[in-house]
A.B. asks: 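Dropping a structure here in structure tokens format, bear with me for questions.
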Amino acid sequence: MQENAFSLSVANAPPGGATVKSPRELDLMREAGRIVALTLKHMREVLEPGMTTRDLDAIAESDIRGMGAIPAFKGYHGFPATLCISLNDQIVHGIPGDLVIKKGDLVSIDCGAIVGGLYGDAAVTVAAGEVPAESLRLLEVTEGSLMAGIEQVRVGHRIGDLSAAIQAYIESQGDYGIVREYVGHGIGRALHEDPQIPNFGSSGRGLALRPGMAVAIEPMVNLGTHMTRTLDDDWTVVTADGGLSAHFEHTILVTEDGPEITTKL
Ligand code: MG
Ligand code: MG
């Protein structure tokens, strides 16, 4: 698998364990998350057919730096941009460039920011103009599965509980492909920390959550097969069958009061 994955490749686990963040670090994560959320909100507002993905990327970089943060992806394992923008059958890690967004495209935008050394990471998939009902449904199912996973982010719950809830939600909605090679992750002092958080799995397994831990949950759901391949640019991951894909992500803090989403306004 890739050394360069943002949505961690399963074969590419980072060393070390899940970190418990200090109150000061959690505050920095809240600020990083807020900046990511504001940037993604702005992307939704300005996105329109006719723009290139590079246009969006330039606005995002200016937003993030203007709010006093650092784009988390730029330079990460050599990634050249602020956003990952993945259109239609592209699942994740698309590189912004000359590609023009067309009416009817599904546009996945993944964004990360660093404040005081602490990270926020989130993604949304939006429709450019009108899209078929089947595409809208894919967006709803994918975002719904993210929320089902977030509901499980509670002290004492295990990573497998998150994975199982995401999988069960998607499977309850129809015959979708759940991407297996790329997964969610711990987050905080680095973009990718342990543990990995697959979007499928068995409840009761894996690390138990403690207050001060943080996770990035990021289901990737396909209309067809779950199988993927990587394009010749060594970054862009696409569906093996050319079917549409969607991706939603939030960064969530584990607290005694339940899940706290840092990347939601
Ligand atoms: Mg991520
Ligand atoms: Mg991300």
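Positions are given from 1 along the sequence. Start at 1 and go down the list; that is how both ligands and their atoms are numbered. Atom set for the values below is all heavy atoms of this structure, side chains included, hydrogens, waters and symmetry mates excluded.
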A.B. asks: Does either side chain, that of Gln152 or that of Arg158, offer a donor lying less than 3.5 Å from an acceptor on the other one?
C.D. replies: no
A.B. asks: Among the N/O/S atoms of Glu218, select the one at the shortest distance from the Mg ion (ligand 1) and name it.
C.D. replies: OE2
A.B. asks: Is it possible for you to check whether Arg180 lies under 6.0 Å from the centre of the six-membered ring of Phe200, through NZ or CZ, and within 45° of that ring's axis?
C.D. replies: yes
A.B. asks: Side chains of His93 and Asp110: donor-acceptor distance under 3.5 Å anywhere?
C.D. replies: no
A.B. asks: Give a yes/no answer: is there an N/O/S atom of Asp110 under 2.8 Å from the Mg ion (ligand 2)?
C.D. replies: yes
A.B. asks: Tell me which N, O or S atom of Asp121 sits nearest to the Mg ion (ligand 1).
C.D. replies: OD2
A.B. asks: Judged by atom type as modelled, is there a donor-acceptor pair below 3.5 Å linking the side chain of Thr239 to the main-chain atoms of Gly243?
C.D. replies: yes
A.B. asks: Nearest 10°: the angle subtended at the Mg ion (ligand 1) by His185 NE2 and Glu249 OE2?
C.D. replies: 110°
